[in-house]
2 protein chains.
Amino acid sequence: MAAVKASSTIQENKHYALGLCPVTYTMEKIGGYWKPIILYHLSSGSKRYSELKRAIPAITEKMLIQHLRQMEADGLVLRESRPVVPPYVTYRLSQAGQGLKPVIRAMTAWAGKERAGEFGKKKK
Amino acid sequence: MAAVKASSTIQENKHYALGLCPVTYTMEKIGGYWKPIILYHLSSGSKRYSELKRAIPAITEKMLIQHLRQMEADGLVLRESRPVVPPYVTYRLSQAGQGLKPVIRAMTAWAGKERAGEFGKKKK
DNA sequence: ACAAGTACTTACCCTAAAGTATGTATCATG
DNA sequence: CATGATACATACTTTAGGGTAAGTACTTGT
């Protein structure tokens, strides 16, 4: 019945939606668990790789570097390395990355409000 | 070396981070691919289930209902069903859900700005 | 000579999220 | 009496994201 082909993945539809839904577009860039968190830590200024590592203890190095690279490729963060011998690499928000600050700020604000509300309510 | 047990997942650390990082908290609630998209469509007002389905053609029914349920449980959306015979169910943002509008709006604004910029630049 | 610190890289594995494909109940309509 | 619409449910499979662990290169400190 339904003339739905098994071979055509929904990924194609997603691509289609990408062109229409601005939120989808944004999620393609900052979606995933870690990216917003990294952006949050970079929103207060440029940080060294090791600083980020310490700021986000739960992240693995693989994830950290992977997402930094991805966001660098997406033009959200800028990487600067100084060719000194204990390597010195810093990351900071690009122009586009700075533009995400309102998103991060809105998230922070919402979390604050929600968490505050939780204390006013009973657990169950 | 680190006495890290293979059995103890990093989820515990995540839980720890949850208490500290407001962005993490927010991502726990609206993270994932579809939730922000659904919220975006609900931000313009209450919608029927089938309206949402049509508004987001790429989503599967399983994902749609699953995330609606999750967000209902999280107190972000409200479900209202009328016991008529072609079922009539509507979803809308709760008070807390309304509070996410700035986040959605910021995402929308950013996407608009970025996409506009793409036309000004050359492909490569 | 060896540990420690920096900024990564790589191979392998595992699970949770997402997708596919059906099925259900109810009524209206042709 | 079969079809279509509505609002789901559910079993099964796939995939991609994330986690573990270990290694690399270079230099300073002891």
Side-chain angles (χ1 to χ4, degrees), chain A residues 1-15 17 24 27-38 46-72 77 79-91, chain B residues 1-15 17 24 27-38 46-72 77 79-91:
Chain A
M1 34 161 47
V4 181
K5 256 100 155 280
S7 55
S8 89
T9 330
I10 208 153
Q11 302 302 332
E12 297 174 25
N13 293 32
K14 276 192 183 179
H15 184 75
T24 301
M27 289 311 283
E28 288 287 328
K29 296 298 179 69
I30 64 164
Y33 190 85
W34 297 112
K35 282 182 191 169
I37 299 172
I38 298 172
S46 138
K47 294 259 164 64
R48 287 186 68 170
Y49 173 82
S50 53
E51 283 182 290
L52 284 172
K53 234 177 68 177
R54 276 188 292 267
I56 316 173
I59 203 172
T60 62
E61 294 200 60
K62 183 194 161 195
M63 284 296 103
L64 180 53
I65 198 71
Q66 183 175 302
H67 287 120
L68 283 171
R69 296 273 145 129
Q70 181 62 58
M71 295 173 107
E72 195 195 349
V77 308
R79 191 188 102 107
E80 275 164 284
S81 82
R82 292 221 286 276
V84 291
V85 73
Y88 196 96
V89 181
T90 54
Y91 292 89
Chain B
M1 44 124 57
V4 182
K5 257 102 155 283
S7 56
S8 90
T9 332
I10 206 154
Q11 303 303 332
E12 295 175 27
N13 293 32
K14 279 193 183 178
H15 184 75
T24 301
M27 289 309 284
E28 289 286 328
K29 294 300 179 70
I30 64 164
Y33 190 84
W34 297 111
K35 282 182 192 167
I37 299 172
I38 297 171
S46 139
K47 293 260 165 62
R48 287 186 69 170
Y49 174 81
S50 52
E51 283 183 290
L52 284 171
K53 232 177 68 177
R54 277 189 290 267
I56 316 170
I59 202 172
T60 62
E61 293 200 62
K62 183 193 162 197
M63 284 296 104
L64 180 54
I65 198 72
Q66 184 175 305
H67 287 120
L68 283 170
R69 294 274 144 124
Q70 181 63 58
M71 296 174 107
E72 195 194 350
V77 307
R79 192 187 101 109
E80 275 164 285
S81 82
R82 292 221 287 277
V84 290
V85 74
Y88 196 95
V89 180
T90 56
Y91 292 89

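Below, chain A is the first sequence line, B the second, and so on; all start at residue 1.
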Exercise for the section: For Gln70(B), enumerate each residue passing the side chain to side chain donor-acceptor pair (under 3.5 Å) test, keeping only those at least two apart in sequence or located in another chain. Expected result: Asp74(B)
Practice task
Return the value, rounded to whole Å, for the distance between atom CD of Gln66(B) and atom C1' of dA7(D).
Solution key: 16 Å
Practice task
Would you mind reading off the distance between Ile59(B) atom CD1 and dA7(D) atom P, rounded to a whole angstrom?
Solution key: 15 Å
Handout entry: Nearest-angstrom distance from the residue atom CD1 of Ile56(B) to C1' of dA18(C)
Key = 15 Å
Problem - Between P of dA17(C) and NE2 of His67(B), the distance in whole Å - result: 8 Å
Handout entry: Distance test, side-chain N/O of Arg54(B) to OP1/OP2 of dT6(D), below 4.0 Å
Key = yes
Completion exercise
So CD1 of Ile37(A) and CD1 of Ile30(A): to nearest 0.5 Å the spacing works out to 11.5 Å
Problem - Separation of atom NZ in Lys53(B) from atom C1' in dT6(D), rounded to whole Å - result: 8 Å
Exercise for the section: Using the test side chain to side chain contact (heavy atoms under 4.5 Å, CB included), find all partners of Val84(A) that sit at least two apart in sequence or belong to another chain. Expected result: Arg82(A), Tyr88(A)
Fill in the blank from the handout: Between CZ of Arg48(A) and P of dC8(C) the distance, given in whole Å, is 10 Å
Completion exercise
Protein-proximity profile, nucleotides 25-30 of chain D, B/S/- by nucleotide at the 4.0 Å heavy-atom cutoff, equals -SS---
Exercise for the section: Mind listing the closest non-hydrogen atom pair of Met27(B) and Gly32(A) along with its distance? Expected result: CE-O, 3.6 Å
Fill in the blank from the handout: Atom CD of Glu51(A) and atom C1' of dT6(C) are separated, to the nearest Å, by 13 Å
Report, one pair per line, the protein and nucleotides 8-15 of chain D atoms (nitrogen or oxygen only) whose separation is under 3.5 Å.
from	atom 1	to	atom 2	distance (Å)
dC8(D)	OP1	Arg69(B)	NH2	2.9
dC8(D)	OP1	Arg79(B)	NH1	2.3
dC8(D)	OP2	Arg79(B)	NH1	3.3
dC8(D)	OP2	Tyr91(B)	OH	2.9
dC8(D)	N4	Glu61(B)	OE1	3.3
dC8(D)	N4	Glu61(B)	OE2	3.2
dA9(D)	OP1	Arg69(B)	NH1	3.0
dA9(D)	OP2	Arg69(B)	NH1	3.4

Practice task
Assign each of Thr90(B) and Met63(A) to its nearest nucleotide of DNA chain D by heavy atoms, then name whichever residue's nucleotide is nearer the 5' end.
Solution key: Thr90(B)
Practice task
For the residue pair Arg69(B) and Arg79(B), establish whether any side-chain heavy-atom pair is separated by less than 4.5 Å.
Solution key: yes
Practice task
Find the distance between OH (Tyr91(A)) and CZ (Arg48(A)) and round it off to the nearest 0.5 Å.
Solution key: 11.5 Å
Exercise for the section: Heavy atoms only: give me the nearest Lys35(A)-Gly31(A) pair and the separation to one decimal. Expected result: CD-O, 3.5 Å
Exercise for the section: Starting at NE2 of His67(B), measure out to NZ of Lys62(B) and round the result to the nearest 0.5 Å. Expected result: 9.5 Å
Completion exercise
With sequence neighbours left out, the residues meeting side chain to side chain contact (heavy atoms under 4.5 Å, CB included) with Leu64(A) are Ile38(A), Tyr49(A), Leu52(A), Lys53(A), Ile59(A), Leu68(A)
Fill in the blank from the handout: In whole angstroms, the gap separating P of dT6(C) from CG of Leu64(A) amounts to 13 Å
